[in-house]
Amino acid sequence: MVGALRQNTPILSVASFRMWLESRPDEEHWELIEGVPTMMTPPNRRHQRLASNLESLLNAALKRHNPAFAAYHDIGVNVVSTVPYDPEPDVAVIREDENPDPRYADRFYLVAEVLSESDKGVIDGKREIYRAHASCTCILLVQQDRQEIAVDTRASDGWRTRVLTGADELVLQEFGLACPVRDIYRDTVIG
């Protein structure tokens, strides 16, 4: 049924989607996925806590390590894709001086997605689009139902993926972050 709906739905470009988005109330949350405007349901509290914890830990580390960088929750990122796609990762690390637009970042270095049930069909596509972005060096996929984070890092010969669990240490040298994975899950029922 979803495929049938998508076949009849007009495909929007990113520019058309952003013009349309200006007419929507700020409290609505939309993403353009494969050219189709998709209203996102409000994230649950666990999702919000995980994104907030990660954003706070990254900002504290960046302040010490390299204050030109900052982590943001739900910022739009400009990506190049063969299908119209306008993502808002749950957390992104950018350099302020490279991104004058207050809503969208052209260059981002880290993106994190807190995975929800609705992500199952699109996360692999998002991951590939993020990997294709020239400045992106790290992608974090944070599970909501267990203490587990997939960490993709760019190496000189391609991408490396490692999966960390609660007892493991999340070390992101480029961003000055070193903390137990369980710190991301602090103040949640699985923390």
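The figures here come from the full heavy-atom set of this structure, side chains too, leaving out hydrogens, waters and symmetry mates.
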So which atom in [X] and which in [Y] form the shortest heavy-atom distance, rounded to 0.1 Å?
X	Y	answer
Ala61	Gly176	CB-O, 3.3 Å
Leu57	Leu177	O-CD1, 3.8 Å
Val79	His133	CA-ND1, 4.4 Å
Ser116	His47	OG-CD2, 3.4 Å
Pro37	Trp20	CB-CZ3, 4.0 Å
Pro89	Val77	CD-CG2, 3.8 Å

So how far is it from [X] [atom1] to [Y] [atom2], rounded to the nearest 0.5 Å?
X	Y	atom1	atom2	value
Leu58	Leu140	CG	CG	7.5 Å
Arg46	Tyr185	CZ	OH	9.5 Å
Ile190	Arg182	CD1	CZ	13.5 Å
Asn66	Tyr109	CG	OH	10.0 Å
Asn44	Thr188	CG	OG1	10.5 Å
Leu21	Ser23	CG	OG	7.5 Å

Would you check if Asn99 and Phe108 make a side-chain contact, meaning some heavy-atom pair closer than 4.5 Å?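 They are not in contact (no side-chain heavy atoms under 4.5 Å apart), so the answer is no.
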Does a side-chain heavy-atom distance below 4.5 Å link Glu174 with Cys138?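 Result no, sub-4.5 Å side-chain heavy-atom pair not found.
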Transitive ILVMFWY side-chain link [X] to [Y], under 4.5 Å:
X	Y	answer
Leu172	Ile139	no
Val151	Val91	yes
Ile123	Tyr130	yes
Ile149	Val111	no
Leu54	Ile94	no

Pairs meeting criterion salt bridge (charged side-chain N to carboxylate O under 4.0 Å, His left out) with involvement of residues 153-168, two or more places apart: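 Listed once each, the pairs are Asp157-Arg160.
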I need the full list of salt bridge (charged side-chain N to carboxylate O under 4.0 Å, His left out) pairs touching residues 135-146, with sequence neighbours left out, sorted by first then second residue.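 The answer is Arg146-Glu148.
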Residues in salt bridge (Lys or Arg N to Asp or Glu O under 4.0 Å) with [X], at least two apart?
X	value
Arg127	Asp152
Arg107	Glu98
Glu128	Arg131

Please tabulate, one pair per line, all N/O donor-acceptor pairs under 3.5 Å involving side-chain atoms of residues 69-76, not counting sequence neighbours.
{"residue": "Tyr72", "atom": "OH", "partner": "Glu96", "partner atom": "OE2", "Å": "2.3"}
{"residue": "His73", "atom": "ND1", "partner": "Asp90", "partner atom": "O", "Å": "3.4"}

[X] (side chain) donor-acceptor with [Y] (main chain) under 3.5 angstrom:
X	Y	value
Arg186	Asn53	no
Gln147	Thr165	no
Thr161	Trp159	no

Counting neighbours of CZ on Arg24 that are heavy atoms of other residues, nucleotides or ligands and sit closer than 6.0 Å, is the number greater than 12?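 Correct, the count exceeds 12.
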Gln173 CD: over 12 foreign heavy atoms closer than 6.0 Å: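 No, because the 6.0 Å sphere around CD of Gln173 holds 12 heavy atoms or fewer from other groups.
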